[in-house]
Amino acid sequence: MKKLLVPVLCLLFIAACGGTYTKEVDLSKDTAENADFSSADLARITDGMMSSIQANGFIQQYVAEHAGQKPVMLLAKELKNNTDEHINTRLILEKIRTRMINEGTAQFVDDQAFDTALEQLNLQASDLYDNTKAAKIGKFVGAKYVLRGTISNIRKRSGREDINYMNVTMDIFEVETLLIKWTNEVEFKRVSTKGALR
Amino acid sequence: MRKAFLATIVLLVVACATYTSRMELSRDLYDGGRYGDALTNLDKLVKDAAERDYYLFLLERGKVELAAGAYDSAIVDLQKAERRFLEIEGTVSVADLFKNMLVNPSMGEYQSEPHEKIMISSYLLLAYWLKGDREGAFVERNRLVERLKQYTTGLSDQDRAALDVPFAHYLAAVLYEIEGREDDARIEYDVLGKIAPEVVPSVLDSKLDELIVFTEVGRAPVKVSTEIRGYLQKDGASLVGFFNLPGSNGPQMFMLPGFGGLSLDKPGVLFTFAFPQCVKERRVVERCKLVVDGIEAGEMKPLDNLENTAYAAYERDLGATLLKAAFRTYLKTVVQTKLGKEDDAKGIAFNVLGKVLAAVDRADTRSWQTLPAEIRVFRMECGPGERKVSLRCLDARGTVVGASSSVSISGERDRKKIVFLI
């Protein structure tokens with residue numbers, strides 16, 4: 001009986017190790033898995049940038065000078081990626097845009113909707129549509145400001161150690177004057193060490 | 001019983017076909033320019049591969065996909081392999097260690113050589129660039145520079161000349177030029193100046209319209225499993241082994257201190273072990289001439305001798321390879337001569353085990369075999385407009401032995417036009 005017990009327990013243990021295990025991760029408690037850019041960094045960057053925009057005073061000044069109107073902004077095509085990682089940098093910009101719109105900080109022109117909007121306007125101007133109810137042309141709003149940035153890193157990898165310094169610098173510049181109205185950076189450094197045994 | 005034993009041996013021998021022999025057909029097809037057939041064969045090898053070889057086969061397939069112009073697939077395969085190689089870098093698997101020691105050194109997971117990791121980044125850079133993803137190529141350039149720093153910092157001038165990868169420095173420099181970062185380009189060209197001064201451009205002008213053509217010549221050396229015979233004898237508390245290594249002058253000697261527990265009935269025993277012999281491949285093409293719009297523009301200049309780099313890496317690892325072989329030899333000899341000499345069931349079992357260990361002994365012949373022996377470059381001023389670029393290949397006597405397919409380049413946004421011809 002004893003002879004059987006050990007192999008049976010071993011088999012049960014092996015069987016328990018099999019299969020796929022999935023669990024939901026609470027994004028507010030998300031942590032980095034290694035020295036590379038991670039989803040946790042995305043939240044950290046957005047929080048850092050948003051609190052800096054709020055504290056800067058430029059938006060509040062604009063609203064006061066323009067009878068309560070919020071500034072109209074445009075996202076740069078992408079955040080310039082100067083790192084050694086393939087990062088979807090558009091995600092960082094879009095996350096900040098989402099927060100700015102939802103918190104009532106600014107209005108944004110959709111830089112990716114131009115072709116679709118133009119197509120719709122042309123269609124609605126045709127005889128297929130009721131011209132009295134069709135969307136009018138010539139109402140596009142031009143952006144006064146552009147939100148852009150750069151993400152860079154300095155990495156040192158040696159043996160099992162991976163040291164990664166990351167810096168995200170963003171700014172908002174005025175289209176008319178090229179004056180930078182706001183800028184901020186979020187930086188962090190992480191060391192990740194692999195175990196000697198795998 | 002005897003039949004079962006023989007069947008086991010046959011199975012083990014078949015299962016232990018060396019990497020070089022499994023790759024032979026794919027390599028031949030690739031070299032013959034039959035990329036589709038090579039990929040079909042590699043698909044099968046990838047599908048059937050044990051985990052220990054899986055990522056190396058991905059490298060081979062990624063390289064063929066790059067040559068075939070399937071850039072997206074090449075990126076997927078090369079990145080997947082690169083991720084794994086970086087993940088296991090500097091780590092040890094106890095299970096692999098035992099398998100390496102007890103069975104043969106190809107039983108552990110393949111850990112790629114530094115020059116191979118640099119070449120993965122180089123090819124990824126090319127794949128991104130050639131598919132038109134500028135930003136992706138710049139990221140790969142950053143990764144490449146980081147790899148070069150990681151693997152070549154601290155090398156002596158002599159080792160750098162042997163183990164560095166000039167092609168990678170050149171590619172990084174060109175991409176810096178394209179991005180308008182001339183200072184960074186100059187740093188890479190300065191490094192290149194120490195290892196391949198003849199290819200460093202005399203003028204650095206990122207605004208100059210230039211055509212930069214890379215090509216690959218020959219095949220990287222491969223390792224073949226060679227049986228080495230030797231003699232093991234007791235010397236006091238130690239065992240001393242003698243054997244002849246191909247290509248070396250006189251017999252080699254190794255000592256196993258403290259392993260004198262082996263009681264030899266005879267003055268010594270003969271032994272064999274499998275050794276990975278590095279063989280340089282015969283080259284047909286010796287020179288390449290660049291043809292632009294039907295006119296011969298000039299001869300491609302040698303940029304990177306990867307054959308020498310691979311050989312230098314092999315020679316650097318030779319000591320560790322021989323040490324592992326010595327341990328396996330000891331183990332086999334102990335099992336067969338000491339433990340297997342009794343006539344009882346235990347003795348017979350050890351004898352059988354010794355024979356099995358001898359039968360499965362194979363050298364580790366793994367390496368990235370679709371790498372070329374050499375990379376050459378040609379750089380010329382080239383104004384805007386459409387151009388047709390091809391290569392004329394010549395043998396040592398100057399006879400034309402082949403030509404590459406013609407590639408059309410048109411006026412793009414970048415002043416430097418990179419072409420990769422195979």
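Just so it is clear, the values below take in all heavy atoms, side chains as well, and ignore hydrogens, waters and symmetry mates. Below, chains carry the letters A, B, ... as their sequence lines are ordered, and counting in each starts from 1. In this text, all values refer to a predicted model and were calculated from it rather than measured experimentally.
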Using side-chain heavy atoms (C-beta onward) and a distance below 4.5 Å, is B:Glu146 in contact with A:Lys156? no
Could you walk me through whether A:Lys80 and B:Glu179 pass the salt bridge (charged side-chain N to carboxylate O under 4.0 Å, His left out) check? CA-CA 12 Å; A:Lys80 191 167 167 48; B:Glu179 213 187 359; 3.1 Å; yes
Which answer fits B:Tyr128, side chain, backbone, both or neither, if we ask what part of it has an atom under 4.5 Å from a heavy atom of chain A? side chain
Can you see which heavy atom on A:Thr83 is nearest to which on B:Asn142, and at what distance? O-ND2, 2.6 Å
Close side-chain approach of B:Ile88 to A:Arg198, heavy-atom, < 4.5 Å: yes
Checking heavy atoms, do the side chain of B:Glu87, its backbone, both or neither come under 4.5 Å from chain A? backbone
A quick test of your reading: do over 12 heavy atoms of other residues, nucleotides or ligands sit less than 6.0 Å from CG of A:Asn122? yes
What do you reckon, is CZ of B:Phe98 surrounded by more than 12 foreign heavy atoms closer than 6.0 Å? no
Hey, is CG on A:Asp127 packed in by over 12 heavy atoms from elsewhere, all under 6.0 Å? no
How about CD on A:Glu176, more than 12 heavy atoms from neighbouring residues, nucleotides or ligands closer than 6.0 Å, or not? no
Looking only at heavy atoms and a cut-off of under 4.5 Å, which of B:Glu109, B:Arg141, B:Glu89 has the most pairs with chain A? B:Glu89
Comparing A:Arg157, A:Arg160, A:Glu85 against chain B, the one with the most heavy-atom pairs below 4.5 Å turns out to be A:Arg157
Dump the intermediate steps for side-chain hydrogen bond (donor to acceptor under 3.5 Å, both in side chains) on B:Glu140 and A:His86, then the final yes or no. CA-CA 8 Å; B:Glu140 283 306 328; A:His86 295 278; 2.6 Å; yes
With a 4.5 Å cut-off on side-chain heavy atoms, are B:Val94 and A:Leu197 touching? yes
Around atom NZ of B:Lys117, are there more than 12 heavy atoms from other residues, nucleotides or ligands closer than 6.0 Å? yes
Give a yes or no on whether A:Ile137 atom CD1 has more than 12 heavy-atom contacts from other residues, nucleotides or ligands under 6.0 Å away. no
Heavy-atom distances under 4.5 Å only: say whether A:Asn153 touches chain B with side chain, backbone, both or neither. neither
What part of B:Leu86 gets closer than 4.5 Å to chain A, counting heavy atoms only: side chain, backbone, both or neither? both
Of all of A:Ile87, A:Ile154, A:Asn81, A:Asp162, which one pairs up most often with chain B through heavy atoms under 4.5 Å apart? A:Asn81
More than 12 heavy atoms of other residues, nucleotides or ligands under 6.0 Å from NZ of A:Lys133: is that the case? no
In Å and rounded to the nearest 0.5 Å, what is the CZ to CG distance from B:Arg147 to A:Asp84? 7.0 Å
